[in-house]
Student: 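My questions will all concern the structure given below.
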Amino acid sequence: MVHNILYYIVKEILKRTLVRMLICCVIALLFCITGNAKVPYIPKIINYSVSDYKAGNQNWAVSQGPGGKMYIGNNRGLLVFDGIHWDLVKLPNNLGVRALYISKDGRIYVGSFEEFGYFEMDDENDLIYHSLSSSEMNVYLNNDEFWTINEYKGEIYFQSFRSFFIYDGEKVRKGVSDLSPLYIFTLDDHLYVQFMEGGSFCRMDDGQFTELLSKKVLEDDVVSVLPFDHQLLLVSARSGCFIYDEVRKKLSVWNTPANEILKEGIANRGVMMKDSTFIVGTISNGVVAINKQGETLWHINRENGLINNTVLRVFADNSDNLWVTLDNGIAQIHVNSPIYFYEPLEAQIGMVHDMVIEKGIVYLATNQGLYALSENDSYPTLIPGTQEQTWYISDVGNQLIAGHNTGTLQLEGRKATQIPGPNGGGTALRKTIIHGKEVLLQMSYRPLSVFTRDMVTNRWKFSHNVEGFSNLIKSFEVDPTGNIWASHMYKGIYRLRLNEDLRSVKEMEYIGKLEEGNESGTINVMKLRGRIVFSDGSKFYTYEDLTGKIVPYDLLNEDFPELSDTYRVVSLNNDLYWFIRNSEYVLLGYESGRFQLKQRIPFTLFDNPTIEDRGNIYVASDGTSYFCLNGGIARYDRYRNYVDTTRVPLSLSQVRAYNRHENEFAPLPCKGADAPEAGASVLSYSYNTILFKFSYPDFTGRRFLIYYKLDGFDNEWIEGTSNFQRTYSNLPYGNFVLHAVVKDDRGKELSSLSYPFKIERPFYSSWWALIIYFALFLCILVVLVRMYTMWIVMREKKVNEEQKRLQEEQLRAQEQLIVKLENEKLENDLTYKSKELASATLSVISHNDFLEGLKKEIQAQQLSGSYTKRFFDKLIRMIEENISGEDEWAIFQTNFDRIHEKFFTNLKERYPDLTPGDLRLCALLRLNMPTKDMARMQNLSVRGIEAARYRLRKKLNLPEGQSLVDFMIQFH
């Protein structure tokens with residue numbers, strides 16, 4: 001009874017499931033028929049080559065750690081990637097990593113050649129390796145490599161081609177099976193093994209292997225085991241995909257067109273994404289995506305963007321994006337994204353200006369011509385006769401019209417014919433009503449053309465060119481009152497009003513700037529919610545119908561001033577609008593009277609974004625948006641139920657302090673954000689330059705910025721650079737807390753952290769140093785006071801000594817003055833007395849001369865006999881007693897010498913041969929006595945005096961002509 005009930009329930013479930021699948025297929029078929037072409041869109045691919053990660057070519061394994069970082073097994077070691085920085089961690093003996101598994105506790109298990117173990121992260125975020133391959137295992141590890149690592153029931157299984165080893169967290173044991181495993185898989189708490197010998201596919205139960213498929217049944221190796229409802233999807237190497245029912249033990253082929261790709265390329269690895277998409281990597285033909293209905297969603301290889309065709313491992317990260325490790329490089333594929341790309345490498349179509357999807361055909365208007373792509377096409381083909389620039393293509397009432405460089409074209413399928421009439425290439429086309437008439441207006445390089453509907457064929461045809469206006473117009477819009485607002489290609493805008501018959505311009509106004517003082521050049525004109533909106537790079541403006549004036553559009557200026565350089569607005573529906581800038585596409589929604597930001601798509605997501613001012617978006621009837629790119633298109637599906645991204649934590653991957661004196665770095669703990677209870681890091685003052693390296697492993701491609709603020713140093717938040725590094729140099733001592741926050745392009749905070757640290761006081765600023773400084777200050781103060789006191793004493797002593805010296809000098813001067821005055825008086829007295837004495841002496845000499853003459857006279861009388869002899873003797877005796885002798889001359893000489901300043905002394909010193917008689921003659925010559933007087937005083941004759949003078953000249957060596965008297969007078 002129970003079996004019948006279960007059978008009935010299963011039957012009803014299957015019936016309803018089949019009905020739902022059938023309905024979905026019909027809807028999808030109708031969807032394709034009503035306008036969407038089957039274009040091979042692929043997700044965005046980011047390739048990383050050896051030049052990016054600086055390691056070996058081959059990458060064997062990939063996984064993601066609890067913090068979001070990607071770990072990749074490389075030929076040179078373990079690669080670590082946080083979205084910005086690549087780091088290579090080496091194994092002992094520089095071995096390569098062949099297998100990789102990261103457990104929930106953060107241990108990174110690796111397998112290599114004759115080696116397996118795990119890495120653990122220390123407080124400095126350095127990976128420390130712990131080997132698990134002991135010496136007693138060498139007999140099993142000899143010349144063997146480990147290829148897969150799995151966790152099963154809390155134990156880690158290391159698989160090599162010879163055996164497998166089990167690690168329970170404490171010790172390692174060898175597996176019981178003697179068979180050689182090719183691969184080990186874990187799924188839904190089961191462990192599956194594909195063996196090499198015998199080729200059987202088994203499941204492990206309680207340490208025992210149960211054979212599920214023998215080699216005779218599958219005749220191939222299972223390379224991947226994936227969940228498929230309540231069954232298993234087995235991916236074989238060369239036979240494609242199979243569905244295996246473990247309950248019924250039934251194996252069936254999964255009929256998917258992707259099997260041919262897998263068989264040809266040799267399947268190697270597989271993974272299931274969160275949206276149940278199956279990704280299979282191949283040995284020689286890249287990766288394939290298959291949905292649960294078996295449809296091939298995309299196929300990526302070297303022909304359409306993959307860096308290498310040999311896939312060694314595939315992995316879905318936390319954001320449900322795909323990582324592919326290759327034989328040469330690494331690829332990240334944004335599977336979980338609403339944006340998919342089509343960039344045909346076979347056809348270089350150029351810059352896409354516009355596109356239309358009509359009756360299953362994609363029409364692309366490019367700068368090289370008009371291209372068409374349908375389901376049966378491998379790549380777009382050029383429509384004949386449409387070479388050169390095509391500015392737009394528009395579907396106006398089931399009629400396709402394109403603005404071509406040579407004129408206006410009309411398309412039927414893949415055939416283009418020129419509409420007769422308009423001259424020059426059309427740059428923009430608008431369907432509008434003016435003066436109650438429904439018309440098409442086309443702007444071009446010169447004329448403004450009018451198209452009207454043919455009432456018979458119900459098709460648009462050229463009517464006429466409007467007279468009175470001809471200019472270079474890139475875009476235009478028509479407001480409800482009939483004003484035509486045309487944006488010049490390079491400067492300003494025009495406002496035009498046509499006559500009732502639409503054949504000529506009734507009014508024309510040129511507007512060069514929208515606001516005084518704002519010379520912007522180009523002014524863009526757009527239509528938003530039925531009103532005309534302008535932008536000039538600094539503000540939004542709008543035209544008010546009631547006042548007829550252009551005024552600032554505050555509704556946008558207040559909330560989105562950064563979008564004021566928008567040059568095109570494309571309506572997705574009545575409440576959603578794309579704003580196109582030169583850096584991004586921005587989707588705004590209108591809700592409750594305000595515009596709300598819905599999505600930002602930066603141009604950095606595109607390998608070949610649009611050129612400046614040429615971006616455009618085509619919105620299909622189902623609401624899907626298509627971005628026109630340079631060389632292709634991108635599809636944006638806002639309805640796609642892609643998996644929301646997991647919150648990515650901001651973390652510190654490295655903190656290093658730099659000692660500028662020693663020129664060395666010191667690592668610091670990075671646990672300030674993850675474990676605040678660990679306390680603040682304490683640094684010596686010599687390490688006051690700190691480098692912070694942050695990690696924010698977001699691989700979704702969205703835009704985000706990091707901001708920093710250091711409490712105690714920064715006054716405001718500082719925007720960081722793209723390398724997520726921040727250096728603070730020469731910090732003062734004190735307590736600090738570094739705050740870092742990551743925000744998205746809307747300003748929403750995504751993640752944050754705080755890192756406290758302390759820089760100790762330098763010794764010269766410590767309390768001990770302050771005490772020493774104070775003691776030194778006191779000592780110096782005492783010394784200075786003592787020195788000052790000594791200086792005061794010395795100064796006073798010097799002053800006293802100086803005063804004493806001055807007094808002594810004054811006394812000496814007074815004494816010397818007294819002595820001088822006394823000497824002068826004595827000298828004057830002496831001179832006076834000497835002169836008197838000299839005069840007296842001269843008088844005596846004269847007297848003596850007189851007496852001598854008298855003596856001679858008496859002697860003469862005596863000889864005559866007049867007086868007695870006795871009388872005369874007595875008289876003579878008396879005269880002799882009164883005659884002065886030589887003493888008088890000595891006295892004369894001394895007094896003369898005093899009067900004439902040592903005349904005789906100097907004369908004797910210079911001329912030692914002079915006799916006393918010569919000296920007396922010299923004195924008389926100095927006195928300038930006449931010769932007769934000298935002869936009388938010398939008691940000589942005049943002739944004798946002349947002879948004496950002659951002899952004196954000889955002794956003095958006087959030349960002829962020189963006066964002897966002058967010589968004596970001038971002699972000193």
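Remember, predicted model here, so these are calculated numbers, not experimental data.
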Student: Taking all non-hydrogen atoms of both residues, which atom of E760 and which atom of Y733 are closest, and how far apart?
Tutor: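 Closest heavy-atom pair between E760 and Y733: O-CB, 3.4 Å.
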Student: Decide yes or no for T689 and L731: does some side-chain heavy atom of the first lie under 4.5 Å from some side-chain heavy atom of the second?
Tutor: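 Answer no - side chains too far apart.
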Student: Which heavy atom of N524 sits nearest a heavy atom of T522, and at what distance?
Tutor: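 In this case the closest contact between N524 and T522 is OD1-CG2, 3.9 Å.
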Student: Start with the C-alpha gap between L964 and L956, add the side-chain angles, then the distance that decides, and say whether side chain to side chain contact (heavy atoms under 4.5 Å, CB included) holds.
Tutor: CA-CA 9 Å; L964 184 58; L956 297 176; 3.8 Å; yes
Student: List the steps and the verdict of side chain to side chain contact (heavy atoms under 4.5 Å, CB included) for L914 and K955.
Tutor: CA-CA 7 Å; L914 296 178; K955 290 181 180 180; 4.0 Å; yes
Student: Quick one: do the Y687 and E664 side chains pair a donor with an acceptor below 3.5 Å?
Tutor: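 The criterion, which ignores hydrogens and geometry beyond distance, is satisfied for E664 and Y687.
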Student: Flag this pair as yes if the NZ/CZ of R761 is under 6.0 angstrom from the six-membered ring centre of F763 and inside a 45 degree cone about the axis; otherwise no.
Tutor: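 No, R761 does not lie over the aromatic ring of F763.
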Student: Y708 and Q725: which non-hydrogen atoms are nearest, and at how many Å?
Tutor: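 So the minimum-distance heavy-atom pair works out to OH-N, 3.7 Å.
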Student: Salt bridge between D536 and K513, side-chain N to carboxylate O under 4.0 Å?
Tutor: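 K513 and D536: not salt-bridged.
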Student: Any side-chain to backbone donor/acceptor pair from N74 onto L78? Under 3.5 Å, distance only.
Tutor: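 Answer holds: no.
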Student: I'd like to know if the side chain of S681 pairs up with that of Y755 as donor and acceptor (distance under 3.5 Å, no hydrogens or angles considered).
Tutor: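 Yes, Y755 and S681 have a side-chain donor paired with an acceptor closer than 3.5 Å.
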Student: Is K709 salt-bridged to E716, cutoff N-O under 4.0 Å?
Tutor: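 The answer is no: the pair does not qualify as a salt bridge.
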Student: Above 12 or not: heavy atoms from other molecules or residues under 6.0 Å from CG of N800?
Tutor: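 Buried by this count: over 12 neighbours within 6.0 Å.
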Student: For the residue pair A740 and F694, what are the closest heavy atoms and their distance?
Tutor: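 Shortest heavy-atom separation between A740 and F694 comes out as CB-CE2, 3.6 Å.
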Student: Can you find a pair of side-chain heavy atoms, one from K90 and one from R76, that are under 4.5 Å apart?
Tutor: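 No, side chains not in contact.
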Student: Do E584 and L563 touch side chain to side chain, with heavy atoms closer than 4.5 Å?
Tutor: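 In short, these two side chains touch, coming nearer than 4.5 Å.
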Student: If only side-chain N and O atoms count, and only distance matters, is there a donor-acceptor pair under 3.5 Å linking N957 with Y911?
Tutor: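 The answer is no; no qualifying pair exists.
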Student: Under the 6.0 Å and 45° cation-pi test, does R726 pair with F692?
Tutor: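 Here R726 fails the 6.0 Å and 45° test against F692.
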Student: Taking side chain as C-beta onward, heavy atoms only, is T727 less than 4.5 Å from I690?
Tutor: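 Of all side-chain heavy-atom pairs linking I690 with T727, none is under 4.5 Å.
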Student: Within a 6.0 Å radius of atom NZ on K797, are there more than 12 heavy atoms belonging to other residues, nucleotides or ligands?
Tutor: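 No, NZ of K797 has 12 or fewer neighbouring heavy atoms, counting only those of other groups under 6.0 Å.
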Student: Taking CD in E612 as the centre, count heavy atoms belonging to other residues, nucleotides or ligands within less than 6.0 Å. Is the count above 12?
Tutor: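 It does not: E612 CD has 12 such atoms or fewer within range.
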Student: If the plane angle is over 60° it's perpendicular, under 30° parallel, otherwise tilted; pick one for H739 and W717.
Tutor: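 Taking W717 first and then H739, their aromatic rings sit tilted (interplane angle of 30° to 60°).
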Student: Which heavy-atom pair separates V737 from S754 by the least distance, and what is that distance?
Tutor: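 So the two residues come closest at CG1-CB, 4.1 Å.
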Student: Describe, in one word, how the ring planes of F736 and F757 are oriented to each other, choosing from parallel (under 30°), tilted (30 to 60°) and perpendicular (over 60°).
Tutor: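 Rings of F736 and F757: parallel, as their planes differ by under 30°.
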Student: Please check if any side-chain donor atom of N663 sits under 3.5 Å from a side-chain acceptor atom of Y658, or the reverse.
Tutor: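 Yes, because at least one side-chain N or O of N663 sits under 3.5 Å from a partner of the opposite role on Y658.
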Student: At their closest point, which heavy atom of P959 faces which heavy atom of R953, and how far apart are they?
Tutor: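 That would be O-NH2, 3.0 Å.
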Student: Does M787, at its CE atom, have more than 12 non-hydrogen atoms belonging to other residues, nucleotides or ligands within less than 6.0 Å?
Tutor: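 Not buried by this count: 12 neighbours or fewer within 6.0 Å.
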